[in-house]
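Computation of the quantities below employed the complete heavy-atom set of this structure, encompassing side-chain atoms and omitting hydrogens, waters and symmetry-equivalent molecules.
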There are 2 protein chains.
Amino acid sequence: MSDSCSKKSLTQLIDRCRAGGMRRTQALESVLTLLLDSDRPMTAGEIAEAPALKGHCDPATVYRLLVRLEEHGILRRLGLRDRAAYYTIRHAHTHDDYIVCTKCGSIEELEMECPVEALEAEIARKSGFTQLDHELEFFGVCPECAASASE
Amino acid sequence: MSDSCSKKSLTQLIDRCRAGGMRRTQALESVLTLLLDSDRPMTAGEIAEAPALKGHCDPATVYRLLVRLEEHGILRRLGLRDRAAYYTIRHAHTHDDYIVCTKCGSIEELEMECPVEALEAEIARKSGFTQLDHELEFFGVCPECAASASE
DNA sequence: GTAATTGCAAATCATTTGCTTCGTA
DNA sequence: TACGAAGCAAATGATTTGCAATTAC
């Protein structure tokens, strides 16, 4: 599953976890590998149920791990209008925005630079808030669902 | 609580509900009045627990009503990184974006025109998605929390 | 009168927490 | 060996659902 690129990233991520005081455990490696190989955010439940994790480590462990990884800045947590929390690897200087199909739930990463990034400084000034961060998601009907609806 | 302006809006909203086939019930009026008078999105739980509703109608009724009102386009549902769903009245041609304090949870409406609105057409073209809509939220530390943290 | 709503209780879903045992550093 | 993690079970919080009793139109 993991190509050499994600293996390298995995090592780097684990180093960052270790630097933050976390221990190198099987669950940690599995969760990070899974998310590195996923091209979209996954819910905590999906992660815990994934073949690579299911049966090997307890759901509670996965949930605890995800929380800790987010606190350490390794993961980003998203809302996506779902009851469940979504997680994805947090990348260095950028972050991705997503478009979600309201019919089938498919999630696609948007191939564009985030149009809001540039506004953060201004928002911070106007609002007085610090340590700004943001979340932007688009929702709509994907081409496949639009096609099947009109059949 | 309701000034004449929100009374007028209430009538208009109820008319839209009626037009959509909903019946004019006590719960409907109470929920709409509450949200019209609120200057920020509220969680379903907050709405059900509000003095105007608590004891007068069942939480299950409130939850069902909120879902139906969203389906009818009367309310907008937001995620806000919370486990709970937030609801707010959906206004005609614009929508608001919010900034949320990650320490105390306070929510403020942003006084600016949404910078993403203009991009929807382009996103729609690039992605092939239709009926686009979006959600944009900023998160950070509000001035009050920043002050109390440095004390 | 009748179909849409409500109330109440029970069920579900997505976590979260307590506590004992295990395993990495 | 010691303290951070994992396992397992029970507890929570936020809805959701089934169904009989109401009520708006």
Side-chain angles (χ1 to χ4, degrees), chain A residues 10-11 13-34 41-50 52-72 74-75 77-88 105, chain B residues 10-11 13-34 41-50 52-72 74-75 77-88 105:
Chain A
L10 177 62
T11 305
L13 286 177
I14 291 179
D15 285 348
R16 286 173 55 197
C17 292
R18 301 279 341 275
M22 295 177 73
R23 290 182 175 181
R24 174 177 203 133
T25 63
Q26 181 58 55
L28 176 67
E29 283 198 36
S30 302
V31 166
L32 291 178
T33 301
L34 184 63
M42 297 176 75
T43 67
E46 284 175 330
I47 296 169
E49 294 292 308
L53 280 274
K54 177 124 191 183
H56 301 293
C57 59
D58 196 85
T61 299
V62 176
Y63 280 99
R64 270 190 281 236
L65 203 44
L66 291 171
V67 169
R68 244 176 303 147
L69 286 167
E70 203 224 332
E71 288 167 354
H72 285 257
I74 310 290
L75 299 185
R77 192 180 66 178
L78 299 136
L80 301 188
R81 270 189 198 172
D82 213 332
R83 197 155 30 145
Y86 284 76
Y87 289 90
T88 189
Chain B
L10 177 63
T11 305
L13 286 177
I14 292 179
D15 285 347
R16 286 173 56 197
C17 292
R18 301 283 337 278
M22 295 178 72
R23 291 182 174 180
R24 174 180 203 132
T25 63
Q26 181 57 56
L28 176 66
E29 284 198 34
S30 301
V31 166
L32 291 178
T33 301
L34 184 63
M42 297 175 75
T43 67
E46 284 176 329
I47 296 169
E49 293 292 308
L53 280 276
K54 177 125 192 184
H56 301 294
C57 59
D58 196 85
T61 300
V62 175
Y63 280 99
R64 271 188 284 232
L65 204 43
L66 291 171
V67 169
R68 245 176 304 148
L69 285 168
E70 203 223 333
E71 287 167 356
H72 284 258
I74 309 290
L75 299 185
R77 191 179 67 178
L78 298 138
L80 300 188
R81 270 190 197 172
D82 214 330
R83 197 155 30 145
Y86 284 75
Y87 290 91
T88 189

| field | Per A:A44 side chain, nearest of listed nucleotides D:dA9, D:dA6, C:dT15 | value | C:dT15
| said: Side chain of B:Y63, heavy atoms from C-beta onward: which of D:dT16, D:dC25, C:dT6 has the nearest atom to it? | reply: D:dT16
| note | Residues B:A44 and B:Y63: closest non-hydrogen pair is CB-CE2, 3.2 Å
| message | If you apply the rule side-chain contact (heavy atoms from CB on, under 4.5 Å), what do you find for B:Q26 with B:H56, and how did you get there? | response | CA-CA 9 Å; B:Q26 181 57 56; B:H56 301 294; 5.8 Å; no
| query | Between B:T43 and D:dA14, is there a side-chain N or O to OP1/OP2 distance below 4.0 Å? | reply | no
| query | Under 3.5 Å, side chain of B:R77 to main-chain N/O of A:R81, donor-acceptor pair present? | reply | yes
| query | Which whole-number value in Å describes the distance from A:E49 CD to C:dT15 P? | reply | 12 Å
| request: Please report, rounded to the nearest Å, how far the C1' atom of D:dT15 is from the CD atom of B:E46. | output: 15 Å
| remark: Whole-Å distance, A:L65 CG to C:dG23 P, equals 17 Å
| No-H, no-angle donor-acceptor pair, B:R64 side chain to C:dG7 base, under 3.5 Å | yes
| task | Verify the contact: side-chain N or O of A:T25 to OP1 or OP2 of D:dG4, cut-off strictly under 4.0 Å; return yes or no. | result | no
| Distance, rounded to the nearest Å, where A:E29 contributes CD and C:dT24 contributes P | 11 Å
| field | Earlier contact from the 5' end, DNA chain D, for B:R77 and B:R24 | value | B:R77
| request: Determine whether any donor atom in the side chain of B:R23 lies under 3.5 Å from an acceptor atom in the base of C:dA3, or the reverse, and answer yes or no. | output: yes
| request: Rounded to the nearest angstrom, tell me the gap between atom NE2 in A:H56 and atom C1' in D:dC8. | output: 18 Å
| Length of the CD-C1' vector between B:E71 and C:dT5, whole Å | 15 Å
| query | How close do A:V31 and A:V62 get, heavy atom to heavy atom, and via which atoms? | reply | CG2-CG1, 4.5 Å
| message | Does D:dA5 have its OP1 or OP2 closer than 4.0 Å to a side-chain nitrogen or oxygen of A:R68? | response | yes
| In whole angstrom, what separates A:I14's CD1 from C:dA25's C1'? | 15 Å
| request: Measure from the side chain of B:A60, starting at C-beta and using heavy atoms only, and say which of C:dA25, D:dT15, C:dC8 lies closest. | output: C:dC8
| task | Would you kindly give the CD1-to-C1' distance between A:I47 and C:dA14, to the nearest whole Å? | result | 13 Å
| query | Should A:T61 be listed as having a side-chain N or O under 4.0 Å from OP1 or OP2 of D:dA5? | reply | no
| Upstream residue (5' side of DNA chain C) when B:D58 and B:R83 are each assigned their closest nucleotide | B:D58
| task | Evaluate the side-chain proximity of B:C17 to B:L32: yes if any heavy-atom separation is below 4.5 Å, no if none is. | result | yes
| remark: Side-chain atoms of B:V67 come closest, of C:dT2, D:dT16, D:dC8, to D:dT16
